[in-house]
Amino acid sequence: MNEKFKIIIPARYESSRFPGKPLKKILGKEMVIRVADICSKITRKKNIIIATDNNLIKKTCENFGYRALMTPKSCKTGTDRCYQAAKKIKTNFYINVQGDEPLIKPSDILKVIKAKKKFRDHVICGYTNASYKEANSLNVPKVLINKFSELIYMSRSLIPGCKNFKQKKKLNYLKQVCIYAFNFKELKEFYNYGKKSLIEKYEDIEILRFFEIKKPIKMVKLSKSSVAVDISSDIAKVSKILGRKK
């Protein structure tokens, strides 16, 4: 069965670490538009919605032919923003592609879609390998999974821990890639929790709230191409990579 889905790109203007991030230009194009253009390679523009709290972001997206929905500034996370948009959009499930992932591959989005069709009772999230340098960055959420590819924990700290320094540098660290899949019920339960969970607040990682509502999270291995833009210096890093590809 060819199930219907919508892609929602949450785009908040007032990022605490990088204000105005969605509209920062990378090689002449706004970052949120770069992400939307990648999504348009796997589905029509009408199936892509930018959920924002800022009129300038909304107008920019509409100028490029994308649909944008205004959502409250009070949304605690991108997933809460996705819920606000999903209330206005009926479909079988929703793909949340973060607006700060300008190097994601269309094939990775398709992997997440395929996983959601297979594992209907799981929230889906992407991950990939992390270098030791990335693993030591507080800006990079690290991932622990079990043998069933389910999320055990996610942290900005170095996980798994290892007291042997030589072995520590050789561990296979994993990092989150911010592509998610949920159905409407999962989004509603997430939002209706009503607040950030304690561990979600400490780590500043929104997916951890799903632990509080006892929702299993299936992790999907994606390519190594992803470089999230967390701080302003990441713009130069992404621009360099895109320049090499050109």
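Since the structure is predicted, the reported quantities are computational estimates derived from the model, not experimental observations.
- One finds no salt bridge joining Arg156 and Glu203 here, because no Lys/Arg side-chain nitrogen approaches an Asp/Glu carboxylate oxygen to under 4.0 Å.
- No hydrogens or angles considered: nothing links the side chains of Asn183 and Asn92 as a donor-acceptor pair under 3.5 Å.
- A salt bridge is absent between Glu30 and Arg34; no separation between the charged side-chain nitrogens and carboxylate oxygens falls under 4.0 Å.
- The ring pair (Phe, Tyr, Trp, His ring centres under 6.0 Å) test applied to Phe190 returns Phe210, not counting sequence neighbours.
- No continuous path of hydrophobic side-chain contacts links Val112 to Val123 [ILVMFWY only; heavy atoms under 4.5 Å].
- Using bins of under 30°, 30° to 60° and over 60° for the plane-to-plane angle, the ring pair Phe184/Tyr94 lands in the tilted bin.
- A cation-pi contact links Lys218 to Phe119, judged by a cut-off of 6.0 Å to the six-membered ring centre and 45° from its axis.
- Within 6.0 Å of OH in Tyr132 there are more than 12 heavy atoms belonging to other residues, nucleotides or ligands.
- In summary, the side chains of Thr71 and Arg81 do present a donor paired with an acceptor at a separation below 3.5 Å, with no hydrogens or angles considered.
- A donor atom on one side chain and an acceptor atom on the other are found under 3.5 Å apart for Tyr66 and Asp37.
- For Glu186 and Lys116, the salt-bridge test passes: some basic side-chain N is under 4.0 Å from an acidic carboxylate O.
- Taking 4.0 Å as the cut-off between side-chain N and carboxylate O, Asp100 and Arg12 do not count as a salt-bridged pair.
- Surrounding NZ of Lys214 are at most 12 heavy atoms belonging to other residues, nucleotides or ligands under 6.0 Å away.
- Side chain to side chain, Gln98 and Tyr180 fail the donor-acceptor criterion of an N or O pair below 3.5 Å.
- In this structure, Lys45 places its NZ atom where more than 12 heavy-atom neighbours from other residues, nucleotides or ligands lie under 6.0 Å away.
- Contact check on Lys215 versus Glu189 returns no salt bridge, with no Lys/Arg side-chain nitrogen under 4.0 Å from an Asp/Glu carboxylate oxygen.
- Side-chain contact annotation: Asn54 with Lys73, donor-acceptor N/O pair under 3.5 Å absent.
- For the residue pair Asn63 / Thr60, no side-chain donor-acceptor distance below 3.5 Å is found, with atom types taken as modelled.
- Defined by atom type and a distance below 3.5 Å, a donor-acceptor pair is present between the side-chain atoms of Ser223 and Asp108.
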